[in-house]
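Just so you know, residue 1 is the first one in the sequence shown, and it goes up from there. Note that the coordinates shown come from a computational prediction; the quantities given were computed from them, not determined experimentally.
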Amino acid sequence: MAFPLAPLLMKLQMVSTSDHGSVVSMNLFVALLCACIVIGHLLEENRWMNESITALVIGLCTGVVILLFSGGKNSHILVFSEDLFFIYLLPPIIFNAGFQVKKKQFFRNFMTITLFGAVGTLISFVIISLGARELFKKLDVGSLDVGDYLALGAIFSATDSVCTLQVLNQDETPLLYSLVFGEGVVNDATSVVLFNAIQSFDLSHISTSIVLQFVGNFLYLFVTSTMLGVITGLLSAFIIKKLYIGRHSTDREVALMILMAYLSYMLAELFYLSGILTVFFCGIVMSHYTWHNVTESSRVTTKHAFATLSFIAEIFIFLYVGMDALDIEKWRFVRSSPGKSVGVSSVLLGLVLVGRAASVFPLSSLSNLFKKSPHEKIHFKQQITIWWAGLMRGAVSMALAYNQFTRSGHTQLRGNAIMITSTITVVLFSTVVFGLLTKPLVRLLLPQKPLSSIVISEPSSPKSFTTPLLENGQHDSEADLGRPIIPRPTSLRMLLSTPSHTVHHYWRKFDDRFMRPVFGGRGFVPFVPGSPTERSVHQRLSEEN
């Protein structure tokens with residue numbers, strides 16, 4: 001009996017051709033990523049166009065070229081996948097945000113950040129959902145149910161404040177930077193949690209019990225996701241402190257930190273929690289405890305490794321969004337009525353503006369009522385900057401829109417096609433137009449302060465290795481002990497103007513007494529052969545001798 005070789009050879013040829021096509025696509029995409037980095041560097045002096053806009057523009061131009069070569073059949077070289085975004089690209093971005101955050105500013109303004117990020121997102125969610133439901137009926141969009149309108153509210157409540165954060169200086173405007181930065185992360189997490197909660201409920205018959213279950217599920221996801229991130233971060237700190245892996249191999253230290261951070265995100269996804277919240281708080285805990293337990297070389301490596309992975313993931317996302325915006329398959333169902341598509345995009349953009357204003361300005365006034373110091377209050381110009389920072393929509397909105405409106409196929413349902421194309425339009429318009437206007441607006445509202453008024457950043461942040469506090473500690477030798485200690489007026493004024501019994505004060509006492517002796521941290525590095533503690537002790541003894 002002869003074995004049929006011809007079909008087998010044809011299959012092998014198809015597989016090899018497919019593999020070769022994937023290799024070509026990846027080569028082109030990596031080359032485009034390199035081009036984005038090089039062009040972004042060339043535009044560094046003139047920051048009218050940041051990396052996000054640069055990647056979008058390059059993606060659009062690449063999409064046009066691919067359309068011409070493919071005869072109008074395709075515009076991208078990779079196929080978008082929600083799994084690719086949520087499992088591989090989003091975790092390094094959110095973790096690095098938590099790892100690099102200035103914890104003192106973040107937790108000092110935690111209530112205000114939560115007010116903007118959680119309550120403000122809920123306000124925008126309600127306004128966008130109700131507005132879309134009322135206005136889309138007049139436009140005859142298509143067959144959209146209650147779940148679709150609620151999903152739209154969650155999709156367009158997800159902000160993207162990258163452009164504003166690249167313009168703001170966290171040393172010149174620490175309060176504003178921490179509010180915009182913290183709100184952006186909490187906002188993304190809230191939007192994803194809302195979206196997941198919407199998909200897990202039958203919203204065809206809304207009742208009081210359904211609403212209460214929805215709120216309870218939302219709070220449960222928020223709390224459990226946060227606790228999972230904290231526990232994973234503490235576990236990594238405890239393991240590295242007890243074993244002190246770096247005395248044998250710094251590579252193992254770095255690998256363990258990266259894998260534990262990624263494990264926290266995947267555990268959250270495994271238990272149907274919010275991976276964004278989990279990996280963000282895991283990054284905060286790791287920067288507070290784990291990062292100080294590793295060797296000096298591992299600190300440098302992890303700091304730059306996390307920042308590099310986050311940077312590449314952000315460019316990857318915006319580059320693909322630019323190429324995917326010209327995918328002809330999505331526009332095929334709306335080209336017969338382009339006016340309707342423009343109308344839907346305009347309505348969504350208007351609802352974003354109104355929803356953002358309805359959340360920022362009232363909540364800012366509410367926050368100011370509980371602030372005693374005028375320096376802690378959010379002034380009107382700062383409120384405008386915060387409002388503007390939340391107008392841009394990015395990759396999270398795109399991924400959620402794909403998740404909601406491509407399950408039945410965007411080429412089969414006209415309403416889904418309109419929602420996808422409208423989301424692309426809003427993301428492109430808000431990122432490019434609002435992003436280009438961000439720098440002149442910030443310069444107009446927040447003129448740069450002289451260098452003497454810049455506040456020194458906190459010493460415990462992984463972003464800075466050399467600070468005045470550490471420098472003073474390094475010169476604590478016998479010669480310095482004989483010198484009189486001169487009190488610094490700025491420190492004295494700060495001490496007198498700051499209440500002695502605050503939440504931060506009690507947390508520091510609890511942290512120093514119970515947490516750091518167990519999990520390590522700054523000042524609690526383990527004393528083992530080859531550790532930073534041993535080297536510092538030998539250095540001090542040699543200086544004394």
Side-chain angles (χ1 to χ4, degrees), residues 91-107 185 225-268 275-310 457-467 469-470 507-508 510-536:
I93 297 175
I94 303 299
F95 176 81
N96 185 65
F99 190 75
Q100 303 284 9
V101 70
K102 297 202 170 186
K103 296 177 290 296
K104 187 179 293 184
Q105 282 289 340
F106 180 82
F107 286 105
V185 177
S225 301
T226 302
M227 292 305 300
L228 179 60
V230 172
I231 292 171
T232 309
L234 291 177
L235 180 62
S236 69
F238 183 79
I239 292 174
I240 290 181
K241 179 177 181 293
K242 287 299 181 182
L243 300 181
Y244 201 71
I245 302 172
R247 61 182 170 179
H248 296 304
S249 172
T250 58
D251 296 338
R252 293 174 185 170
E253 272 186 332
V254 176
L256 187 62
M257 285 187 68
I258 294 175
L259 292 175
M260 289 290 286
Y262 191 66
L263 178 64
S264 69
Y265 185 89
M266 295 310 298
L267 283 175
I276 293 179
L277 268 179
T278 299
V279 77
F280 175 71
F281 280 97
C282 180
I284 291 179
V285 173
M286 277 193 172
S287 69
H288 188 65
Y289 296 109
T290 313
W291 188 75
H292 295 280
N293 294 342
V294 300
T295 58
E296 199 69 30
S297 58
S298 295
R299 296 180 193 178
V300 178
T301 304
T302 52
K303 175 203 169 203
H304 291 291
F306 292 140
T308 303
L309 290 174
S310 173
S457 60
E458 64 171 301
S460 60
S461 171
K463 283 189 172 184
S464 177
F465 292 94
T466 306
T467 60
L469 180 61
L470 293 178
W507 160 248
R508 287 300 298 267
F510 175 80
D511 190 29
D512 292 339
R513 186 171 181 179
F514 298 103
M515 299 296 289
R516 292 191 182 188
V518 177
F519 299 105
R522 187 162 55 93
F524 288 85
V525 179
F527 184 84
V528 292
S531 69
T533 303
E534 187 197 39
R535 287 196 295 270
S536 63

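- We find the CZ-OG distance between F519 and S236 to be 10.0 Å, quoted to the nearest 0.5 Å.
- Judged by distance alone, the side chains of T250 and T295 never bring a donor and an acceptor atom under 3.5 Å apart.
- Looking at F99 and T290, their side chains never come closer than 4.5 Å, going by heavy atoms from C-beta outward.
- Heavy atoms only, all atoms of each residue included: R516 and K241 are closest at O-CE, 4.2 Å.
- Annotation: M266, atom CE; neighbour count of heavy atoms from other residues, nucleotides and ligands within 6.0 Å is above 12.
- The CG atom of L263 lies 4.0 Å from the CG atom of L267; values are rounded to the nearest 0.5 Å.
- Atom OH in Y265 sits 11.0 Å away from atom OG in S225 (nearest 0.5 Å).
- The 12-atom threshold is not exceeded at CZ of F238, counting heavy atoms of other residues, nucleotides or ligands nearer than 6.0 Å.
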CA sep, side-chain torsions, deciding dist, call: I284, F106, side chain to side chain contact (heavy atoms under 4.5 Å, CB included)
CA-CA 10 Å; I284 291 179; F106 180 82; 4.1 Å; yes
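- Nearest heavy atom pair, residue G521 against residue H292, reads C-CB, 3.4 Å.
- The backbone N or O of A307 lies less than 3.5 Å from no partner atom in the side chain of S310, so there is not a single donor-acceptor pair.
- One distance of note links CG of N96 with CZ of F280; it measures 11.0 Å at 0.5 Å rounding.
- From R252, atom CZ reaches atom OG of S298 across 12.0 Å, with rounding to the nearest 0.5 Å.
- Heavy atoms only, all atoms of each residue included: M260 and T232 are closest at O-CG2, 3.5 Å.
- Interatomic distance, T308 OG1 to K303 NZ, rounded to the nearest 0.5 Å: 10.0 Å.
- The shortest heavy-atom contact between I276 and I94 is O-CG2, 3.3 Å.
- Residues R299 and V294 share a closest heavy-atom pair of NE-O, 3.4 Å.
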Evaluate the criterion side chain to side chain contact (heavy atoms under 4.5 Å, CB included) for residue pair T302 and E253; output intermediate values, then yes/no.
CA-CA 9 Å; T302 52; E253 272 186 332; over 6 Å; no
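- When all heavy atoms of G98 and S287 are compared, the closest pair comes out as O-OG, 4.2 Å.
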